[in-house]
Structures are given as structure tokens and as C-alpha cells.
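Report on the following structure.
As the structure lists them, so they are numbered: ligands from 1, and atoms in each ligand from 1. We're numbering straight along the sequence, starting at 1.
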Amino acid sequence: MAGRKRKHLKALGAVVDSGRYHRVNHSVVTDLERRFTNWAGNWTTRAVGSGTAAIHVEIDYYKDRGHHVVTAALNWPGAVGPISISGLEPRFVDVDLTLAGIDDEAAADTMGSDVAAVLVTHLFGNNIRAPRTRAAARSRGIAIIDDVCQSIGAVKDIVDGVYLESDALALSGNGAKHLGAGELGFVLTKDLGLIEHVDHVSLTSSSRSGARLFSAYSQGYNYRPNVFSAAIAGSRIKSLDQQLQKRRSNATTLWQMIRDLPGLSPLFDPTDHNQSMLNFPLRLEPEMLGFFQASAGRDFIVELLRAEGVPVLVWLTRPVFEYLPAVCGRWNAADFPNTMRLLDTMFCVSEIAPPNDAEIMKLYADAFHKIWSALPKILGRGA
Ligand SMILES: *Cc1c(COP(=O)(O)O)cnc(C)c1O
């Protein structure tokens with residue numbers, strides 16, 4: 001911890017020493033972009049203000065291709081908000097139960113001529129390959145946008161050694177994500193038109209070349225990256241692979257110790273060495289444990305785990321359209337059974353990152369076992 005703090009202070013100190021705390025062409029920002037491009041290995045990178053800004057710029061760039069954006073009903077409101085902001089309408093499809101990713105078949109079937117883009121959100125560190133959807137989008141000129149804000153590893157060659165078939169990836173560097181750099185986002189793409197678009201819409205008065213330029217295409221978004229956050233992010237790239245390894249091994253270790261508990265399963269395979277394990281998502285079968293109502297059962301277990309000191313959280317509890325006033329009321333939760341099932345039965349173990357290690361995972365596992373062995377008694381008394 002002390003080492004990390006020192007490293008961050010050094011990175012921030014370099015910004016102070018530079019005498020300039022802003023500008024997209026600050027060497028701290030361009031260094032970060034170059035280093036991230038090298039780490040990812042396939043895309044050109046532009047740093048922007050946030051992950052949400054990255055998604056907005058990307059949808060904005062492709063918005064003339066149609067009027068709808070196909071995306072999953074189990075989603076982060078910040079990922080879906082930019083669809084309406086761009087003047088388009090979301091078209092929701094259900095998710096598959098094994099990954100909480102967009103249902104590949106259902107999504108592929110909705111790729112009509114009125115669709116501008118498909119937005120594939122990768123939640124919790126999973127990888128959503130969705131090959132049929134990507135192929136259908138490609139054959140119809142529909143843009144493919146990947147929200148990898150929670151899955152930084154998905155920018156790498158994760159599809160059997162090949163990169164995701166994607167037009168644009170959006171990444172977040174915010175404090176709760178892998179780069180943990182405050183407020184920061186990235187646009188990753190091979191589409192140089194999109195890169196130009198980032199530069200046009202996200203700056204008003206300072207261009208990449210340093211000229212005081214007011215672009216005729218400016219939309220005044222001012223999605224400039226924070227230079228201090230860029231400095232922190234840049235200092236963390238070197239240890240990113242190590243961080244991911246540790247997250248994966250922590251989750252794998254924990255899962256090995258709790259896998260025999262009935263009614264419990266991981267959302268995605270923790271031993272998959274390509275996933276990014278932001279939080280460790282687990283699913284319950286509350287009925288198997290003797291609960292009549294799924295979400296109440298899940299909440300009860302989560303409360304017990306918390307009381308034992310396990311850092312667990314229930315993240316989203318509603319399908320994404322219910323969080324968004326612009327689209328709320330036009331969609332019905334009952335039409336998305338897998339989304340609802342996951343929302344009712346999922347929870348995450350959150351502190352899976354280093355410096356936590358196998359010893360801490362053992363403490364978490366002990367708490368799971370203690371609760372599972374007490375459950376019959378607890379529930380029996382309640383009946
Ligand atoms: C965090 C997050 C975003 C937005 O990133 P910010 O940097 O917070 O704007 C978008 N989508 C998902 C899935 C996220 O987790």
C-alpha cells in the first residue's frame with residue numbers, strides 16, 4: 001500500500017512539476033494513450049473525461065446509420081443514457097443466464113435496417129463474444145460498440161487469440177474500475193474517422209496539435225481527460241497484467257473453497273484466464289436453499305455474509321430502462337425473464353483485487369461455510 005501511495009504521489013508530482021494541469025496534448029495524456037495502445041495491442045487510444053463520455057462520443061459518431069441502438073436490458077444506466085442523449089432509441093434484448101451478457105441469438109435477430117449500432121456491455125469483468133450478433137451487425141453496416149468499462153482485459157486478443165470484432169470500445173478509468181484513476185475514460189478504435197471525431201467533439205478550444213482551434217464540428221462536449229487522473233492511470237499500466245492475474249487467482253481460490261456449497265454458482269468461469277474479474281459475481285438458487293421468494297432469499301444471505309465481514313454487494317436491482325426516465329414505461333420487465341432472474345439472485349464479492357490474497361479469500365470462504373451450515377437451523381426456526 002505504501003509503495004502504491006508513493007507511486008501515485010510521484011505521478012501527481014510530475015504533473016505539478018510540468019506547470020500545466022490541463023490540455024489534451026499534455027505529455028502525460030499522450031504518454032498514457034501511447035502506453036495503453038501498446039498494452040492493448042490493437043487499437044488507437046484517446047483519453048476522454050469518463051467512460052460515459054467515451055460511449056457518448058462513439059454513439060454520436062455512428063448515429064446516422066439508423067434510429068435504434070440494440071443493447072441488453074441488464075445494463076448500467078451510464079452505458080445506456082448516451083443512446084437517448086444522441087437522439088436515438090434503445091432497443092432492449094434479454095441477457096443469457098451464464099454471462100449476464102446480451103443474448104446473442106435475440107440480439108442478432110433484431111439487427112434490422114433501422115439499427116445504428118449494437119452496444120455490447122461487458123459486466124463484472126466478463127467477456128461477451130456474441131459472435132452471431134457481431135456477424136449480423138457487420139453484414140448490415142451496423143456499428144459494433146463494446147462497453148468494456150468493467151472488463152479492461154477485453155481490449156486484448158481474448159477471442160482465441162483474436163481481438164473482438166468491434167468498431168469502438170469504451171473504457172472507464174474511474175476510481176471503481178481497474179485503473180482506479182479518479183475520473184477518466186478511453187475511446188479505443190481502429191476507425192480513424194472516429195478518432196478525428198473524438199478530437200472534434202470533445203474539445204472546444206485546444207486541439208491535439210496545441211493550436212487554439214475552434215472546430216466547425218465542435219459540439220462543445222468538452223470531454224477532456226483530467227491530467228492528474230491520466231498521470232495515475234499511466235503509473236498503473238505497468239502493473240496491470242499483474243493486477244489482473246491476482247484478481248483471477250483470488251477469485252479462483254475463493255471459488256475452489258466454496259464450490260461445494262449447494263445453490264451457489266459463479267456467473268462466469270473464474271478460471272477463464274481472459275476475464276477481468278472486477279468484482280466476483282455469484283448466483284444463488286434461493287429456492288434450493290429453502291427460500292420461497294428469490295430476491296428476499298438473496299438479500300437475506302447477503303446480509304448474513306456482510307455480518308460476517310465479507311464485502312458483498314447487490315449492484316443493480318432493476319432492468320436498466322426502469323432507471324431511465326426517457327425510456328421508462330415503454331418496456332416491460334416481464335419480457336426479460338433472464339434479466340429479472342439475475343437481478344433477483346446475483347450478488348458480488350467486491351474486494352477481490354490485490355493487496356488482498358489467498359489468506360483473505362480463506363476468511364471469506366470460512367464465512368460462507370459458517371452461514372451455509374447454519375442455514376437449516378435459521379430457516380427452520382423462522383418457519
Ligand atoms: C463505470 C461504467 C461506465 C461509465 O464509466 P464512467 O467513467 O463512470 O463514466 C459505463 N459502463 C459500465 C458498464 C460501467 O461500469
Using the ring of Trp39 (Phe, Tyr or Trp, six-membered ring only), decide whether Lys156 places NZ or CZ under 6.0 Å from its centre and within 45 degrees of its axis.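 Pair Lys156/Trp39 counts as cation-pi.
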
Ion pair [X]/[Y], N-O distance below 4.0 Å:
X	Y	value
Lys362	Asp366	yes
Arg283	Glu285	yes
Asp146	Arg134	yes

Side chain to side chain contact (heavy atoms under 4.5 Å, CB included) with Asn338: which of Leu97, Leu74, Leu343?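 By the side chain to side chain contact (heavy atoms under 4.5 Å, CB included) criterion, Asn338 pairs with just one of Leu97, Leu74, Leu343: Leu97.
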
Testing Val24, Leu12, Val28 one by one against Val227 for a side chain to side chain contact (heavy atoms under 4.5 Å, CB included), which residue passes?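 Filter result, single survivor: Val28.
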
Go ahead and list the nitrogen or oxygen contacts between ligand 1 and the protein that come in under 3.5 Å, distances to 0.1 Å, or just say none.
{"unit_1": "ligand 1", "atom_1": "5 (O)", "unit_2": "Ser172", "atom_2": "OG", "d": "3.4"}
{"unit_1": "ligand 1", "atom_1": "7 (O)", "unit_2": "Gly51", "atom_2": "N", "d": "2.8"}
{"unit_1": "ligand 1", "atom_1": "7 (O)", "unit_2": "Ser172", "atom_2": "OG", "d": "2.6"}
{"unit_1": "ligand 1", "atom_1": "8 (O)", "unit_2": "Asn174", "atom_2": "ND2", "d": "2.8"}
{"unit_1": "ligand 1", "atom_1": "9 (O)", "unit_2": "Gly51", "atom_2": "N", "d": "3.3"}
{"unit_1": "ligand 1", "atom_1": "9 (O)", "unit_2": "Thr52", "atom_2": "N", "d": "2.9"}
{"unit_1": "ligand 1", "atom_1": "9 (O)", "unit_2": "Thr52", "atom_2": "OG1", "d": "2.6"}
{"unit_1": "ligand 1", "atom_1": "11 (N)", "unit_2": "Asp147", "atom_2": "OD1", "d": "3.4"}
{"unit_1": "ligand 1", "atom_1": "11 (N)", "unit_2": "Asp147", "atom_2": "OD2", "d": "2.6"}
{"unit_1": "ligand 1", "atom_1": "15 (O)", "unit_2": "Gln150", "atom_2": "NE2", "d": "2.8"}
{"unit_1": "ligand 1", "atom_1": "15 (O)", "unit_2": "Lys177", "atom_2": "NZ", "d": "2.9"}

